[in-house]
Peer 1: 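Provided herewith is a single structure, encoded as structure tokens, for subsequent inquiry.
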Amino acid sequence: MKQRDYSFTFGQALSQVHILEQFPLPATILEDSGAIPSQGILLVCDTNTEYIAKKIRGSQNLPLCVLECGEAGKCWTSIERIITAAKSAGLGRDGLFVGIGGGVITDMTSFAASVYMRGARLCLISTTLLGMVDAAVGGKTGFDLLGIKNLAGTFFPASHIYMPMDALKTLPSGEWKSGMAELIKTAVLDSAICNEVSRAETQVSLDKLKALGPVSIANGIPSALGELIERAVLVKGRIVEADPKEQGTERALLNLGHTFGHALEAAAGLGKLSHGEAVAWGMVRSCELGLALGITPENRAREITEIIAAYDYETAAPHPAMKDAAFFMQALAGDKKKKAGKLTFVVPDAQRAVLVSADRIEPQFLEQIIKGELQH
Ligand code: GLY
């Protein structure tokens, strides 16, 4: 595979994404970021990606900070460990943090880099599908606090983000399922870049997803998947360029399926469902909401739902993992992405998606949607 590079400007920051076959070499990372070893370099990984970090550092004895894997480790203690490791490794403000892993590791490494001596250099090596199509691009950093996902965080885009396809060859099936939902979400928003392509092309991602079907990597990464990842990077990058700090309505579109999805994750018991499973189910609920409000055309809702079903996600309501509708509604009301204190849903329209304030929706109506009691 030929390396593909994309440049994005997120506010003042330039962020370059490199989609490549193999893991980058330390010399490439240092050269790209303009760092030199004497300024200090720290590799941050978890126990799943430690083998990748060791491969990357090769014979060079670069300092390594290995964290526990999983959402439970996305906490202040891990941030403190990264910062302590950076100090021990002698990193100055011009030192380089390299986060190697999925969203948890890249979010935490980015946060640590953003506050270390008021901001150090940062590169990321994204090793999961979810990381590549969502978490690693766009500069959101953070960790969980008071039991709330990403309650603390900053905006701090990495200067270089590497996406080695080789990393996907060992991805566990649960990780595929988590990432694929974000890929579907971005495909629904694909016409965000319709200024660059003809409108007819805005259907390309959805059509490619339909043709691809559940992924088998027995014979390597299918080229169609590589193209979809590339497209998702471009779509997300352009959306974030338009609204880097989610102050307008643009970046919030990336929350498609997330308002229902986050509430489902909480109602199922955190960690019971993957983020992707919850988001996929949430997208179907967003389609139902959009249909009922006259925003989502019937054929569009059907197409999105059929793709989600084809990738083996639960589409029916109530979700089997949702134990208690009242708890779901409580979690929904507590959604941290409210705008002006109001819950906001992202709903697909004919081309793309729009934001809908909960002001327009009766709570009983939402309850009917999540319980599957909506009369069509
Ligand atoms: N994951 C959504 C965003 O980056 O805005």
Side-chain angles (χ1 to χ4, degrees), residues 1-11 13-24 28-29 32 99-103 105-107 109-110 122-141 155-168 171 175-176 178-197 201-209 212 215 221-244 246 250-251 253-256 275-276 279 352-353:
M1 171 196 180
K2 203 167 144 281
Q3 179 169 327
R4 303 294 296 263
D5 304 306
Y6 291 97
S7 288
F8 300 106
T9 309
F10 300 141
L14 181 70
S15 212
Q16 295 189 49
V17 177
H18 312 288
I19 301 175
L20 65 179
E21 188 79 45
Q22 290 166 350
F23 300 108
T28 310
I29 299 169
D32 285 348
I100 305 165
I105 286 295
T106 56
D107 277 9
T109 311
S110 302
L122 172 68
C123 288
L124 300 175
I125 300 172
S126 181
T127 60
T128 63
L129 182 61
L130 181 71
M132 293 177 188
V133 301
D134 191 37
V137 180
K140 280 191 180 173
T141 85
F155 287 99
F156 194 72
S159 65
H160 293 269
I161 304 150
Y162 303 91
M163 300 187 179
M165 293 298 119
D166 272 1
L168 299 180
L171 204 61
E175 280 291 338
W176 279 109
S178 206
M180 201 49 85
E182 295 286 357
L183 195 55
I184 297 171
K185 174 201 80 178
T186 316
V188 173
L189 302 174
D190 193 335
S191 55
I193 54 168
C194 63
N195 290 339
E196 293 177 27
V197 294
E201 264 195 75
T202 60
Q203 186 66 15
V204 167
S205 291
L206 285 177
D207 288 346
K208 275 199 177 142
L209 271 168
L212 179 66
V215 176
I221 304 298
S223 60
L225 178 66
E227 287 162 25
L228 279 162
I229 293 172
E230 232 181 286
R231 183 76 168 191
V233 166
L234 187 59
V235 172
K236 174 153 189 198
R238 293 288 179 251
I239 290 175
V240 178
E241 277 187 325
D243 182 15
E246 208 170 311
E250 189 67 12
R251 187 165 186 165
L253 296 182
L254 291 166
N255 295 328
L256 173 63
H275 178 65
V279 166
R352 207 177 159 211

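The shown structure was predicted, so the numbers you read here are calculated from the model rather than taken from an experiment.
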Peer 1: State which residue, out of Lys236, Arg4, Lys208, fulfils the salt bridge (Lys or Arg N to Asp or Glu O under 4.0 Å) condition with Glu230.
Peer 2: Arg4
Peer 1: For a 4.5 angstrom cut-off between non-hydrogen side-chain atoms, does Ile19 reach Met1?
Peer 2: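 When only atoms from C-beta onward are counted, Met1 and Ile19 do touch, with a gap below 4.5 Å.
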Peer 1: Go through the steps to decide whether Met180 and Leu225 satisfy the test side-chain contact (heavy atoms from CB on, under 4.5 Å), and finish with yes or no.
Peer 2: CA-CA 10 Å; Met180 201 49 85; Leu225 178 66; 4.0 Å; yes
Peer 1: Any side-chain to backbone donor/acceptor pair from Gln16 onto His160? Under 3.5 Å, distance only.
Peer 2: no
Peer 1: Taking only residues two or more places apart in sequence, or in another chain, which ones meet Ser223 in a side-chain contact (heavy atoms from CB on, under 4.5 Å)?
Peer 2: Glu227
Peer 1: Hey, is Asp107 close enough to Lys140 for a salt bridge, meaning N to O under 4.0 Å?
Peer 2: no
Peer 1: Charged N to carboxylate O under 4.0 angstrom, Arg352 versus Glu250?
Peer 2: yes
Peer 1: Dump the intermediate steps for side-chain contact (heavy atoms from CB on, under 4.5 Å) on Val137 and Tyr6, then the final yes or no.
Peer 2: CA-CA 11 Å; Val137 180; Tyr6 291 97; over 6 Å; no
Peer 1: Could you please spell out the steps behind the side-chain contact (heavy atoms from CB on, under 4.5 Å) verdict for Ile161 and Val233?
Peer 2: CA-CA 11 Å; Ile161 304 150; Val233 166; over 6 Å; no
Peer 1: Do Pro222 and Leu212 have side chains that approach each other closer than 4.5 Å (heavy atoms only, starting at C-beta)?
Peer 2: yes
Peer 1: Please name the residue in the list Met132, Gln3, His18 that meets the side chain to side chain contact (heavy atoms under 4.5 Å, CB included) test with Tyr162.
Peer 2: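 So, applying the side chain to side chain contact (heavy atoms under 4.5 Å, CB included) to Tyr162 and each of Met132, Gln3, His18, only His18 qualifies.
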Peer 1: Quick one: does any side-chain atom of Arg251 pair with a main-chain N or O of Val240 as donor and acceptor, under 3.5 Å?
Peer 2: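 Not confirmed, Arg251 side chain does not pair with Val240 backbone.
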Peer 1: Tell me, do Ile100 and Phe23 make a side-chain contact under 4.5 Å, heavy atoms counted?
Peer 2: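 Of all side-chain heavy-atom pairs linking Phe23 with Ile100, none is under 4.5 Å.
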